[in-house]
Amino acid sequence: MSSLAAARADNFYYPPEWDPKKGGLNKFHGQHALRERARKIDQGILIIRFEMPFNIWCGGCNSMIAKGVRFNAEKKQVGNYYSTKIWNFTMKSACCQHEIVIQTDPKNTEYLVISGAQKKVEDFDTEDAETMALPVDEERSKLADPFYRLEHQEEDLKKKKEAEPLLVRLQRVSDARHLDDYAINKSLRAKLRSQKKRVAEEEVAARKMGLGIRLLPETKEDVAAAKRVKFSSNFNKNRDEKRALIKSASIFSDSSASSSSRRLELEAKRRKINAASASKLLTGGFKPSSWSNVSGSSARKNRS
């Protein structure tokens with residue numbers, strides 16, 4: 001951005017026709033100092049960035065709007081609580097452009113949803129959250145009574161004694177953790193270096209195994225799960241089939257005689273095959289190959 005453009009953007013550019021007698025630049029240009037944010041300033045409305053103070057349900061589409069979401073809201077004063085002003089914020093939800101109106105409550109120091117939405121009620125147990133239960137308005141008003149304070153003083157002292165060891169222990173842990181900044185930083189950097197070294201070793205091991213991802217360190221649960229896995233194989237299948245055949249076969253002599261005769265037949269065939277091959281070797285015979293057949297046929301053609 002050039003210097004002239006920057007000066008115009010910051011509203012510091014004074015044109016040649018400007019005269020100090022005419023007033024400031026905003027008066028000279030006929031505009032407000034807040035520009036577009038003050039386009040409804042004549043109605044007492046100022047455009048601001050409003051941040052949602054709590055979780056709400058949208059009244060138009062029933063979707064949740066989380067705490068911290070920001071909107072362009074119209075800010076307007078609608079009353080006073082003693083000398084404190086009561087502000088009204090009107091905005092449109094991003095999900096369905098539904099109008100939401102939220103108002104301040106100086107009496108109870110909170111925000112109220114006037115229309116267009118519903119506040120999400122979230123209750124927390126003080127024991128689970130490890131927090132202290134604050135007194136409600138009724139108990140707060142009763143604390144002004146000296147007899148009420150006297151009746152509950154012993155109970156408050158008892159609660160204090162019970163919570164004191166926990167608070168002291170928490171204070172000691174906090175002091176031990178944050179007392180020496182150099183030692184804490186040193187241990188943290190050493191832990192980070194060891195973690196980087198372990199990650200590098202795991203990546204090298206994964207590349208050696210041809211994997212594109214890094215394997216996590218082995219744990220006892222992984223070893224136990226791997227031992228419980230069993231893979232089926234052909235060996236086990238064949239063994240089970242043979243055992244089933246043996247169990248289903250008869251144990252009487254007929255089956256034994258038939259199996260022995262079958263074995264004798266196979267041995268006789270094997271002897272015949274061995275005797276035939278031995279006689280061919282002795283007489284110089286050999287098994288004709290495809291090359292010998294081709295050469296013999298070509299020789300016959302030449303003779304003819």
Exercise. Could you tell me whether the side chain of Gln103 reaches within less than 4.5 Å of the side chain of Val78, counting heavy atoms only?
Key: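 Yes, at least one pair of side-chain atoms sits under 4.5 Å.
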Practice problem: Show your reasoning for whether side-chain contact (heavy atoms from CB on, under 4.5 Å) applies to Glu218 and Val223. | Solution: CA-CA 7 Å; Glu218 186 181 86; Val223 175; 3.6 Å; yes
Quiz prompt | Atom pair SG (Cys58) and CE (Met64), whose distance is rounded to the nearest 0.5 Å | solution = 12.0 Å
Exercise. Of all the heavy-atom pairs spanning Leu215 and Met209, show the shortest one and how long it is.
Key: CD1-CE, 3.3 Å
Quiz item: Do you know the tightest heavy-atom contact between Ile213 and Ala206?
Solution: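 Nearest pair, atom of Ile213 first, then Ala206: O-CB, 3.1 Å.
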Quiz item: Looking at Glu99 and Lys92, does any basic side-chain N land under 4.0 Å from a carboxylate oxygen?
Solution: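 Judged by the 4.0 Å cut-off on N to carboxylate O distance, Glu99 and Lys92 do not form a salt bridge.
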Quiz prompt | Under 3.5 Å donor-acceptor, Ser187 side chain and Ala183 backbone | solution =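 Yes, Ser187 side chain to Ala183 backbone: donor-acceptor pair under 3.5 Å.
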Quiz item: CZ/Arg214 to CG/Leu211 distance, rounded to the nearest 0.5 angstrom?
Solution: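 Rounded to the nearest 0.5 Å, the CZ-CG separation comes out at 12.5 Å.
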Quiz item: Atom CD in Glu203, atom CD in Glu201: separation rounded to 0.5 Å?
Solution: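 Rounded to the nearest 0.5 Å, the CD-CD separation comes to 11.0 Å.
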Exercise. Enumerate the residue pairs fulfilling ring pair (Phe, Tyr, Trp, His ring centres under 6.0 Å) with a member in residues 72-92, sequence neighbours excluded, ordered by first and then second residue.
Key: Phe50-Phe89
Exercise. Find out whether Pro53 and Glu110 are in side-chain contact, i.e. whether some heavy atom of one side chain is under 4.5 Å from a heavy atom of the other.
Key: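 The answer is no; the side chains never approach within 4.5 Å.
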Quiz prompt | Inter-residue atom distance Thr90.OG1 - Ile102.CD1, 0.5 Å rounding | solution = 9.5 Å
Self-check item: Arg70 atom CZ: more than 12 heavy-atom contacts under 6.0 Å
Solution: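 No.
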Practice problem: Sequence neighbours left out, what passes side chain to side chain contact (heavy atoms under 4.5 Å, CB included) with Lys119? Give chain and number order. | Solution: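 Once residues adjacent in sequence are excluded, the partners of Lys119 under the side chain to side chain contact (heavy atoms under 4.5 Å, CB included) criterion are Phe54, Val113.
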Quiz item: Taking C-beta and beyond as the side chain, do Tyr111 and Thr104 meet within less than 4.5 Å on heavy atoms?
Solution: yes
Quiz item: When rounded to the nearest 0.5 angstrom, what distance separates CD1 in Ile65 from NE2 in His98?
Solution: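 Nearest 0.5 Å value for the CD1-NE2 distance: 9.5 Å.
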Exercise. Kindly compute the distance separating CD (Gln77) from CD1 (Ile86), expressed to the nearest 0.5 Å.
Key: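 Those atoms lie 8.5 Å apart.
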Self-check item: Heavy-atom pair of closest approach, residues Met52 and Ile56
Solution: CE-CD1, 3.6 Å
Self-check item: Asp42 to Arg39 - nearest heavy-atom pair and separation
Solution: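 In this case the closest contact between Asp42 and Arg39 is OD1-O, 4.2 Å.
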Exercise. List the atom of Arg37, the atom of Leu46, and the distance in Å for their closest heavy-atom pair.
Key: O-CD1, 3.5 Å
Quiz item: Looking only at atom types and distance, does a side-chain atom of Thr109 sit under 3.5 Å from a main-chain N or O of Pro106, one as donor and one as acceptor?
Solution: no
Quiz prompt | Residue Arg49 excluded, over 12 heavy atoms near CZ under 6.0 Å | solution = yes
Quiz item: Does the side-chain contact (heavy atoms from CB on, under 4.5 Å) test come out yes or no for Ile47 and Glu74, once each step is laid out?
Solution: CA-CA 5 Å; Ile47 309 299; Glu74 296 180 355; 3.5 Å; yes
